[in-house]
2 protein chains.
Amino acid sequence: MPQDRQVTIITVANRAGVSKTTASDALRGSGRVSEETRRLVTDVAAELGYVPNGSARHLRRARTGTIGLHLPEVLPRSDYYMSFVFGAVQAAADHGYDVTLLTSGSGAGATAERRPRVDGLVLGDPLAADPVVEKLMSSQLPTVTCERYPGPGDPDGIVWSDHGAALRELLDHLAAVGTLRPALIVPGDESDWAASVHRTYRQWCTERGVVPLTRAVPFDANADATSTVARNLLTDEPGLDALIAAPTSAAATLLPVIREAGRRVGDDLLLASCVDGPAMRFADPAITAIDVQPREAGAACAELLFELLAGAVAPGVERLHPIELNIRESTRRRNAP
Amino acid sequence: MPQDRQVTIITVANRAGVSKTTASDALRGSGRVSEETRRLVTDVAAELGYVPNGSARHLRRARTGTIGLHLPEVLPRSDYYMSFVFGAVQAAADHGYDVTLLTSGSGAGATAERRPRVDGLVLGDPLAADPVVEKLMSSQLPTVTCERYPGPGDPDGIVWSDHGAALRELLDHLAAVGTLRPALIVPGDESDWAASVHRTYRQWCTERGVVPLTRAVPFDANADATSTVARNLLTDEPGLDALIAAPTSAAATLLPVIREAGRRVGDDLLLASCVDGPAMRFADPAITAIDVQPREAGAACAELLFELLAGAVAPGVERLHPIELNIRESTRRRNAP
DNA sequence: TTGAAAGCGCTAACAC
DNA sequence: GTGTTAGCGCTTTCAA
């Protein structure tokens, strides 16, 4: 039964007939009190339904017990970001931390220059142009980014995946089944992910003596915009025999466009994506894609941040997060158009 | 340039030659100090880069300045939940609040029964079976749910949409273009949204003298599971002339299944969804769906919670959130199979 | 093994 | 219009 007054550590101490200090030590298991009193105090605390006051604890310890998480507000890849968030929150919970969400939205609250009340930051896919990211990067707080930050300044930790290597594997696979002219639809270079995909593609083309064929789309391009780009690409370049649509939503929603253009996916036109997701797995035909393991990436970022906060690793760490290519029907074999 | 010692309100007060209180009042603009001193203090604070300590403030005020947000971890509708989250965070930022994410994941952190350090809770789509939701509901914290909570206990505020009325409108529309046997694929009744969709469908069928035809899927059913259910349904019931797949992901990924079954969407089989989203708008053909306005719903939940916290409204409020039916190609006209 | 006391940074009550 | 004082609930010295 809940008391009307808030039950504090003093309530517990009084009820147990010990001092505040002893109660505190007993509850935290600091090994300073006798097993007997410890048991007594914890029992009383449980009975009273005592819950420690986070603000007081963190005021004393000069820490907040919270990390901030910032993500670009991009709906077209939301299953990626959702997974990322849940991964980060899970890892944080395992370490007794809370996660506060920080957005790039600039409401009334943003005017008051409240520095986020957090011990550290995780920035997922930081975009070069994002002013909020820029502000957070210069906040002096320990920061981990997922993928490199293309703007000024360096985070204390980076969790990154070798999208270049995975794309190269994909391109080699496409070449192996007979592709001669693979095209790439990719967001602009404001994100490091897109930039490295773009760069690797150009390098690969140069190495192979293939004429590169790319189209840029906005980072948050919806399916409609991407479809238009693809439609034009198919019209302009009839010699095209493979299409890599980097964003996850893109490839799946391109199927109708491709069909409309009279091409057959997995037959006279191969199709692949740089970001796997449910839509890829269950498309018809299933689409070859790179599984970037977003939930694990989110968790890895949080873990790295905690190690930085604990001083277990020195600032400047980079950690490689494994990803893998999933080959599916859409690129199994190629027939001439 | 940052000082090595943390700059507190005392630093500011000393530097400005005033007392702690005056500094505090000046910085918060409590109208107690003269305009002159206020300016002096704020200037000094800005110069020193003073940032108020949230923990201290909240310890003193006995509030945390944070609300908790819980969502079911359901990837198949992630664009809905992403929008909801960003809406809530935006509204919270406008009121100077932070948002902490609470998951149903049970890690090491969940063992220590830390009560969430928040002033109130927003629960999006609370599921009857979710133990975390149950715990949160009984936490005594001011709580707003999006859609009713099907489990025991009542939240202090509810933001809900009339999914029943929208579905009725959809069913009437289907009947108007000549549908005789509309079927429904819907998650079980653990969420109020699914329950009310289900209930309304049965009522409508009774009123019209139509034999109801439903199939249940798990709340977090992925496209694969839903496809299987749909495939069987199409085989078992060849007389079927319309299909309503309630979950947003479902309808879009059903297109290949339907085509496989030799049916033509928007022609001899009408298709619709109870949750709109990018996948619906850009499907081929575009799919009729109910736009449930998730971003606005998230914001509305947060807003209602703040009103409750401020005592501006009494507990027990219910607020209707408008939604609307978007009719598209997939249900425009019906031809005989 | 335990207690007493100091204080984290801030705001509200009460002076003047 | 401004300063002084007393805490918010907790952890961490320093004594006993």
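Naming convention: chains lettered A, B, ... in sequence-line order (proteins, then strands); numbering from 1 in each chain.
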Sole candidate of B:Thr66, B:Thr64, B:Asn53 that passes side-chain hydrogen bond (donor to acceptor under 3.5 Å, both in side chains) when paired with A:Arg117: B:Thr66
Listed nucleotide nearest any side-chain atom of [X], set [options]:
X	options	answer
B:Val18	D:dG3, C:dG9, D:dT11	D:dG3
A:Thr8	C:dA13, C:dC10, D:dC10	D:dC10
A:Arg28	D:dT4, D:dT11, C:dT11	D:dT11
B:Asn53	D:dG9, C:dG3, C:dG9	C:dG9

Strictly below 4.0 Å: does B:Thr22 bring a side-chain N or O up to OP1 or OP2 of D:dG3? yes
Any B:Ser24 side-chain N or O less than 4.0 Å from OP1/OP2 of C:dT11: yes
Say whether A:Tyr80 and A:Asp125, considering side chains only, have a donor N or O and an acceptor N or O under 3.5 Å apart. no
Check whether the side chains of A:Arg15 and A:Tyr50 place a donor and an acceptor atom closer than 3.5 Å, and report yes or no. no
Nearest-Å distance, [atom1] ([X]) to [atom2] ([N])?
X	N	atom1	atom2	value
B:Arg61	C:dC8	CZ	P	20 Å
B:Arg63	D:dG9	CZ	P	15 Å
A:Ile9	D:dC8	CD1	C1'	14 Å
B:Arg60	D:dC8	CZ	P	8 Å
B:Asn14	C:dG9	CG	C1'	13 Å
A:Leu40	C:dT2	CG	C1'	14 Å
B:Ile10	D:dG3	CD1	C1'	13 Å
B:His58	D:dC10	NE2	P	17 Å

Would you mind telling me which residue lines up with the more 5' stretch of DNA chain C, B:Asp25 or B:Leu59, judged by nearest nucleotide? B:Leu59
Most 5' of A:Val33 and A:Lys20 on DNA chain C, judged by nearest nucleotide: A:Val33
Can you pull the salt bridge (charged side-chain N to carboxylate O under 4.0 Å, His left out) pairs that have at least one residue in residues 17-26 of chain B, sequence neighbours excluded? B:Asp25-B:Arg28, B:Asp25-B:Arg32
Looking at side-chain heavy atoms only, is the closest gap between B:Thr145 and B:Val159 below 4.5 Å? no
Does B:Ile10 reach the side chain of B:Asn14, with side-chain heavy atoms less than 4.5 Å apart? yes
To the nearest 10 degrees, what angle separates the axes at the start and end of the helix from C:dT1-D:dA16 to C:dC16-D:dG1, five pairs each? 40°
Under 4.0 Å, heavy atoms only, any strand: does A:Thr21 hit a base, just the sugar-phosphate, or nothing? base
Just call it for A:Thr37: base, sugar-phosphate, or nothing, with non-hydrogen atoms closer than 4.0 Å on any strand. sugar-phosphate
The answer to which of B:Ala56 and B:Ser34 contacts DNA chain D further toward the 5' end, by nearest nucleotide, is B:Ser34
Less than 3.5 Å between a donor and an acceptor, one on the side chain of B:Arg32 and one on the base of D:dG3, is that the case here? yes
Could you list the donor-acceptor pairs under 3.5 angstrom formed between side-chain atoms of residues 294-309 of chain A and any protein atom two or more places apart in sequence or on another chain?
from	atom 1	to	atom 2	distance (Å)
A:Arg295	NE	B:Glu73	OE2	3.0
A:Arg295	NH2	B:Glu73	OE1	3.1
A:Arg295	NH2	B:Glu73	OE2	2.8
A:Glu303	OE1	A:His95	NE2	2.9
A:Glu307	OE1	A:Arg319	NH2	3.1
A:Glu307	OE2	A:Arg319	NH1	3.2

If I take atom CD from residue A:Glu147 and atom OG from residue A:Ser161, how far apart are they, to the nearest 0.5 angstrom? 5.5 Å
